[in-house]
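Just so it is clear, the values below take in all heavy atoms, side chains as well, and ignore hydrogens, waters and symmetry mates. Numbered from 1 within each chain, the chains take letters A, B, ... in sequence-line order.
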Number of protein chains: 2
Amino acid sequence: MKRMEDRVFREFLQKKGLKFTKERAAILKGVFSARGHFDPDDLLIKMRGKGIRVSKASIYRTLPLLLESGLIEQVLKVDKHAHYEHTFGRGHHDHLICLKCGKVIPLYSRKLEKLQENLCRKEKFKCLTHTLEIRGYCLRCNSKSGLS
Amino acid sequence: MKRMEDRVFREFLQKKGLKFTKERAAILKGVFSARGHFDPDDLLIKMRGKGIRVSKASIYRTLPLLLESGLIEQVLKVDKHAHYEHTFGRGHHDHLICLKCGKVIPLYSRKLEKLQENLCRKEKFKCLTHTLEIRGYCLRCNSKSGLS
DNA sequence: ATTGTAATTGAGAATCAGTTGCAATTATAA
DNA sequence: TTATAATTGCAACTGATTCTCAATTACAAT
């Protein structure tokens with residue numbers, strides 16, 4: 001049984017005259033088996049761990065394609081390198097990031113999305129994507145630390 | 001006449017047992033004379049151009065201090081390296097980023113800020129800072145490209 | 001003002017993420 | 001099956017940021 005995202009990616013590639021290689025398929029599978037966020041290196045290590053041989057270069061070359069096809073989204077950088085997450089099946093959402101424990105809490109608000117659209121309209125800006133990252137302390141860390 | 005930000009930075013450093021050196025003062029001044037966004041390298045080049053001698057290392061060491069002191073904010077990465085802007089005197093704001101010409105348009109909405117606070121409250125998340133980056137096409141690029 | 005000391009500096013080496021050139025390989029359309 | 005343009009892995013490369021270390025300096029306490 002083929003996975004939905006395979007179909008989407010295959011069609012995306014075809015439309016661009018690119019090939020659906022086994023490496024790309026493997027990377028796609030790796031990306032979709034990630035629970036949450038990941039970075040290119042995480043992915044490489046995970047795949048190596050499973051005995052799947054792909055090069056760093058192929059991962060770096062494939063990720064932008066997945067991004068372009070809409071199968072993954074870029075997550076803002078908490079630290080200094082690129083992070084991604086797959087979005088297929090799940091909707092777009094933003095993130096609350098705990099500065100103490102690093103936990104990332106997804107956040108979605110229809111109202112927030114609407115408001116952003118309105119603001120863009122006001123500025124006559126054609127909005128394609130956005131990323132909102134709210135940093136602070138999660139419930140647990142906040143109560144633990146005594147920083148009420 | 002001492003600038004306000006000098007005072008703030010000096011006090012911040014003192015509180016942490018750090019020194020207010022002439023290099024740090026010069027970097028602060030450089031940062032505050034920047035009109036908009038800048039990255040560490042911009043800053044270095046600008047300072048060199050004015051004949052102020054500071055090392056790359058000092059810039060990279062000072063920027064995080066300015067960040068921590070609240071005198072500057074980190075701007076999200078459109079490309080791959082760190083960008084900053086000073087916030088003293090101006091308020092917090094978010095950004096619309098044109099994917100074609102790279103123009104960055106500041107955006108501020110009281111309503112948006114309020115909504116975010118409410119969402120955090122709902123999640124029992126102690127919000128400290130946030131960054132919102134909306135990517136798309138600015139009016140000019142959008143009309144030029146025929147991508148209505 | 002002088003001094004002691006811990007913080008800071010600059011310069012370059014080191015590191016790290018991400019990119020690129022290239023020869024060998026492979027997917028796909030005909 | 002074949003032609004061919006796209007893709008691969010590897011290793012060398014790039015550019016940003018961090019680190020090391022010896023020399024310097026700010027500043028609190030004399």
* **Closest-nucleotide 5' rank along DNA chain C - winner of K56(B) and L13(B)** =>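 Nearer the 5' end of the strand: L13(B).
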* **Along DNA chain C (nearest heavy atom to each residue), the more 5'-positioned of A57(A) and D41(A)** =>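 The 5'-side residue here is D41(A).
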* To the nearest 10 degrees, what angle separates the axes at the start and end of the helix from dA1(C)-dT30(D) to dA30(C)-dT1(D), five pairs each? ->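 Inter-axis angle at the ends, rounded: 50°.
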* Asked: Should the ring pair F12(A) and F9(A) be called parallel, tilted or perpendicular, given that the plane angle runs from 0 to 90° and is split at 30 and 60?
  ->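 Correct class here is parallel.
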* With side-chain contact (heavy atoms from CB on, under 4.5 Å) as the test, would you mind laying out the steps for T131(B) and Q74(B) before giving the verdict? => CA-CA 9 Å; T131(B) 1; Q74(B) 202 156 10; over 6 Å; no
Mind listing the N/O atom pairs, protein and nucleotides 25-30 of chain C, below 3.5 Å?
unit_1	atom_1	unit_2	atom_2	d
dT26(C)	O2	K19(A)	NZ	3.3
dA27(C)	OP1	K22(A)	NZ	3.4
dA27(C)	N3	K19(A)	NZ	3.1
dT28(C)	OP1	F20(A)	N	3.1
dA29(C)	OP1	Q14(A)	NE2	3.4

* Answer yes when K111(B) and E113(B) have at least one side-chain N-carboxylate O distance shorter than 4.0 Å, and no when they do not. =>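 No.
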* Residues R135(B) and E133(B) bridged, charged N to O under 4.0 Å ->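 Salt bridge flag = yes for E133(B) with R135(B).
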* Among R48(B), R24(B), E23(B), find the one that has a side-chain contact (heavy atoms from CB on, under 4.5 Å) with V54(B). =>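 Result: among R48(B), R24(B), E23(B), E23(B) is the only option passing the side-chain contact (heavy atoms from CB on, under 4.5 Å) with V54(B).
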* Asked: Counting side-chain heavy atoms from C-beta on, which of dA17(C), dT7(D), dT18(D) comes nearest to R24(A)?
  ->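 The listed nucleotide nearest to R24(A)'s side chain is dT7(D).
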* Compare the minimum distances between each of dT20(C), dT17(D), dG10(C) and the side chain of S55(B), then state the nucleotide with the smallest one. =>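 Nearest nucleotide to the side chain: dG10(C).
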* To do: Examine the base of dG18(C) for any acceptor or donor lying under 3.5 Å from a partner atom in the side chain of R61(A), and report the outcome as yes or no.
  =>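 Check fails, no donor-acceptor contact within cut-off.
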